There are 2 protein chains.
Amino acid sequence: MRDGRKVTLSDVAAHVGVSAITVSRALRTPEKVSLKLREEISRAIDLLGYVPDPAARALASSRTDVIGVIIPSVTNSVFADVLRGIYTAVEKTPFDIQLGNTRYSPLKEEKLLKVFLGQKPAGLIVSGIDQSERGRSLLETASCPVVQIMETGENPVDIMIGFSHYEAARAATIHLIEQGYRKLAFMGARMDPRTQRRFQGFRQAAAEAGLFSEERVVTTAEPSSVSLGSQLFCELIEQAPDLDAVFCINDDLALGVMFEAQRRRLSVPDRLGICGFNDLEMMAAAEPPITSVRTFRYEMGKRAVEMLLEAIAVGRGHRGTIVDLGFEVRKRASTARGSCGASD
Amino acid sequence: MRDGRKVTLSDVAAHVGVSAITVSRALRTPEKVSLKLREEISRAIDLLGYVPDPAARALASSRTDVIGVIIPSVTNSVFADVLRGIYTAVEKTPFDIQLGNTRYSPLKEEKLLKVFLGQKPAGLIVSGIDQSERGRSLLETASCPVVQIMETGENPVDIMIGFSHYEAARAATIHLIEQGYRKLAFMGARMDPRTQRRFQGFRQAAAEAGLFSEERVVTTAEPSSVSLGSQLFCELIEQAPDLDAVFCINDDLALGVMFEAQRRRLSVPDRLGICGFNDLEMMAAAEPPITSVRTFRYEMGKRAVEMLLEAIAVGRGHRGTIVDLGFEVRKRASTARGSCGASD
DNA sequence: TTGTAGGCGTTATCAG
DNA sequence: CTGATAACGCCTACAA
C-alpha cells in the first residue's frame, strides 16, 4: 500500500515505464519477458510492495489458485495427518487450500460442494466415495479435476487414492484369528460408511472362520473417544463375558479398551487381545504396545495434491486413475498371545 | 450453470425484468427491495441456479466474506479443538474460513499474513503474540479486525483471547508441590514461545519453593509425541534418578511418561507423580487417570469468531479487548500421592 | 518481446 | 424503491 490506496499492476508498470500486461506476464510467464525488464519489474514490485489481487485475477481469468479440500472432520487425527500431507505438498506451489468441513453430513457436503465449485477452484479433494447423489453429480460436472481420498472403490470421478477399509479390517481380523483368539468382538463408533465397511471386513473374516457372533458386536453413533472405548468395553464384556479379543475401528477406542482391561486386571494379550485401527503414534508407545492397522495418511494427502496438480496441468486428464496405498497390520504385544511376540 | 455458461446477476435480472443492481440488492439488502420483487427474484434465482461469484463481489466491493485463520499446526490436537470451535461459530454465518499453516515458523507466518491480507479478508484470527516485527506491523496496519488467540499478554493488536501459559504452568507446579512432591522435573518439547512461558511458570513456582534444579529439566526442539515422552523420561531419570514428579508441557509427553513408568514398574503416583497439559480427553480415561491443566480451546475458537464478527459489524471497534479464559488444574490419580485421591 | 482494447460479474455512486 | 453508469484489477485476445 502507498498512501492508503492499493498498489496495482499499472502502478508497477508506470514505475518501470511499461504496460500493465507486461508486468502481469513477468509474474505469470516470466519466459515471455526479457530478462532486463523482468529484473526491473521485480525491483519495482519490491519497492512498491505490490501484492496481486486474487479476486481480480479470478474474475478476469475465471481461474483461481485455490484447491478445495472437503473432509468430514478437522479434529479427527486421521484427517489431521492427511491435511499435513496436503499442506506439505501445496507449500512449494502457488496454490492455496480452502478447507471445508462436512461434519459427516452428506447434506453439508453438498452445500460445501456448491459453494466451492462456485469459486472456480483449480481442483478439488474430497473425502470418500459416499457423496449424495446430487453431490456426486456436482462432482461429475465440475470443471476442475477431482481427487477422492481415504478409500478405494468403483467409479472414481477422476482420481481416487486410498485403501480398502474392508480388506484392512479383514486382514486385522485374520491376524487375531491366527493368534489363537476365538471369541472375537467388534467395537465401532460413529459408524459412518467407512466404518461400516470395516465392520463388513471384520464380519467376513470372522464368519469365514465360523467365529462371528452378533453378541460380540457393539456399536454406537457417537463419535469415538478413549473413554468411549472403556465404556463400550464394559457393555461388551457384560453381553459376552467370554470374549477374548476386540477389534476396534480406531485407536482411541482401542486405547480405552486397554485402560479398562488394566482397571479390571484382565491381562493383555493373554486374557484379552486388542487391535486398533490407523496406527496412531501412541500405539507403538503404549504399554503394552497395541496392534493396529497402519494406513498411509500423510502420503495420501501428499500424493493427492501431486496427482491433482498434474491433472490441473494437463486439464482433467487422469479420469479413472485409482491408487491403492494399501495398509499394514502392525503386530504388537497386545495381540501376541501364545506366539513369541511382535516387532516394534 | 445453463448450457455451460455461468448464470450471472444480469441473467436473473433479465428473467425477472429488472436491472442487475436490483437483484444484487435483493441479495445483500433485501429491505431495500419491495417484497413482490424480492419473491420473484428469489424464484428466478432458484430456477436458474444462480450462484454469486465471490471474486466479482470482492473486486467490486473490496470486501470478502473470508475470515483468515493462521495457526502453527493442523495436526496438533490443541489447534484441532480451536478449529472446531471456529468452524462451529462460523457455520451459521455467511463467512468462510481460510486456513493458513505456519508450522511454527515466524517467517512463514509473515508470508501468510501478506497473502491473506492481500485477499482483503473480513477478519483475521492469528495464533499467539509472537509475531515477527514485520508480522506485527502488518497486523497493525491491517484494514480488518484481528483476533489473537491462544494466549493473553500485553498490547493486543485488537482483540486477544486465551490464557496465561505462565500462570497455568505455575498452578500445576504448585499442585505438585502441595501433593508432597519435592524433586520436581520438567519435560518440554518443541519449545516454541508458548512452551517457553510454561517453562518459566514451572521454574518460578519450583524456585519459590526452593525446589528447582536444572538437572531435572529436559527439553528438545523436536515436536511432541507419546514415544518422545517415554524417551525423554529415560534421559531424565538417568540424569536425576531421585526425581519424584514430572510436569510435562503437554499430554502426549505425559502419556509417554506414564507408559515408561509402567514399563519400569515405577508406581504412579507414589513413586512418580505425572502432570500433563491441555487435558485431552484421554487423560481422564487413562489408567491411572492423569492430572492435567484444562484449557478452553473449543470455547476460545468459538468466542474468537463471535468477537471478530462483532468487530466486523462495527468496524474495528474492539481495540484493546483482552479476554482471559483461564484454566483449571484437573487433579487426578497420577498426582494423588498421600492425599485421598482426586475427582474424575 | 511488447502493447491495445475489451470484458470478467459485481457493487458504488448518483439520479430519478 | 429502482435504475444507469462507471469502476474494481487483472487477463484474454489480437495486433504490432
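Residue numbers start from 1 in every chain, and the chains themselves are labelled A, B, ... in the order their sequence lines are given, proteins ahead of strands. Computed from heavy atoms alone, side chains included, the values below leave out hydrogens, waters and symmetry copies. Values in this document were obtained by computation on a predicted structure and should not be read as measured data.
- Distance, Glu31(B) CD to dT2(D) P: 12 Å, rounded to whole Å.
- Every residue meeting the side chain to side chain donor-acceptor pair (under 3.5 Å) condition with Glu110(A), not counting sequence neighbours, appears here in chain and number order: Ser132(A), Arg134(A).
- The distance from atom NZ of Lys32(B) to atom C1' of dG3(D) is 14 Å, rounded to the nearest whole Å.
- With hydrogens and angles ignored, the 3.5 Å screen pairs no side-chain donor or acceptor of Thr321(B) with any backbone N or O of Ile159(B).
- Atom CD1 of Ile41(A) is separated from atom P of dC10(D) by 13 Å (rounded to the nearest Å).
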* Asked: Which parts of nucleotides 10-16 of chain C does protein reach within less than 4.0 Å, heavy atoms only, written one letter per nucleotide 5' to 3' as B for base, S for sugar-phosphate only and - for none?
  -> BSB----

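- Note on Thr22(A): every side-chain N or O is 4.0 Å or more away from OP1 and OP2 of dT1(C).
- With hydrogens and angles disregarded, a donor-acceptor distance shorter than 3.5 Å links the side chain of Asn101(A) to the backbone of Pro72(A).
- With rounding to the nearest 0.5 angstrom, the CZ atom of Arg57(B) is 5.5 Å from the CZ atom of Arg63(B).
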* **Test salt bridge (charged side-chain N to carboxylate O under 4.0 Å, His left out) applied to Asp53(B) and Lys120(A), step by step** => CA-CA 9 Å; Asp53(B) 182 333; Lys120(A) 308 162 191 149; 2.7 Å; yes

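- Classification of Asp46(B) and Arg43(B) as a salt-bridged pair fails, no side-chain N sitting under 4.0 Å from a carboxylate O.
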